Amino acid sequence: MRNNVEYPLLAEWTTTEIIKVSEFYLQIEQANTVGVERAKLLKTYQDYLKIVPAKMVQKQIDKQFEAASGYSIYRTIQVAKQGTKKMVKIN
């Protein structure tokens, strides 16, 4: 994982929402580096969708996140949804 990645966060989010979204971002990073449990990744994704329901905002955040971290939220979640293994590790 890269050090000092600035996650995209929205000013209107509560502290609880920022924590949940940050946990989701961490799961995305870990899925692309060391691997994560598929169920946990998809659970944090569902939490993320409750906080960011608008597709347009999700796409904007994905672009910002990928620019900062090098990892795509969309592609990572697609791999997790299509997979059947317990662990998700993007090659």
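If you read the sequence from its start, that first residue is 1, and numbering goes on from there. Fair warning: this is a prediction, and the values are worked out from it, not measured in the lab.
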*May I ask you to decide if Pro8's main-chain N or O and Tyr25's side chain share a donor-acceptor pair within less than 3.5 Å?*
yes
*Pair listing, salt bridge (charged side-chain N to carboxylate O under 4.0 Å, His left out) test, anchored in residues 31-44, at least two apart*: Lys43-Asp47
_Quick check: closest heavy atoms across Gln58 and Val52, and the distance to 0.1 Å?_
NE2-O, 2.7 Å
*Return yes if some donor-acceptor pair links the side-chain N/O of Glu29 with the main-chain N/O of Leu26 below 3.5 Å, else return no.*
no
*Do you know the tightest heavy-atom contact between Tyr71 and Phe65?*
O-CD2, 3.3 Å
*Would Ile61 end up clustered with Tyr7 when hydrophobic side chains under 4.5 Å apart are linked, directly or stepwise?*
yes
*Is Leu41 close to Ile28 at the side-chain level, that is, under 4.5 Å between some pair of heavy atoms?*
yes
*Heavy-atom closest contact (Thr76 atom, Ala31 atom, distance)*: CG2-CB, 3.7 Å
*asked:* Before you tell me yes or no, could you show the steps for Leu10 and Val57 under side chain to side chain contact (heavy atoms under 4.5 Å, CB included), namely the whole-Å CA-CA distance, both residues' side-chain angles and the distance that decides it to 0.1 Å?
replied: CA-CA 10 Å; Leu10 301 182; Val57 178; 4.0 Å; yes
*When rounded to the nearest 0.5 angstrom, what is the spacing between CG in Asn32 and OG in Ser69?*
7.5 Å
*SB check Glu66 Arg75 (cutoff 4.0 Å)*: yes
*Taking the side chain as C-beta and beyond, is there a heavy-atom pair between Lys20 and Ile51 under 4.5 Å?*
yes
*Say you draw a straight line from CD of Gln27 to OG1 of Thr44; how long is it, rounded to the nearest 0.5 Å?*
4.5 Å
_Pairing residues for Asp62 by the side-chain hydrogen bond (donor to acceptor under 3.5 Å, both in side chains) criterion, not counting sequence neighbours_ = none
_Candidate list Thr15, Leu9, Thr16, test side-chain contact (heavy atoms from CB on, under 4.5 Å), partner Trp13, passing option_ = Leu9
*CA sep, side-chain torsions, deciding dist, call: Val79, Tyr74, side chain to side chain contact (heavy atoms under 4.5 Å, CB included)*: CA-CA 9 Å; Val79 169; Tyr74 176 79; over 6 Å; no
*Would you indicate whether the side-chain heavy atoms of Phe24 and Leu49 approach each other to under 4.5 Å?*
no
Quiz: residues 82-90 side-chain donor-acceptor pairs under 3.5 angstrom, not counting sequence neighbours:
unit_1	atom_1	unit_2	atom_2	d
Lys89	NZ	Thr33	O	2.9

_Once rounded to the nearest 0.5 Å, what's the spacing between atom CD1 of Ile73 and atom NZ of Lys63?_
13.0 Å
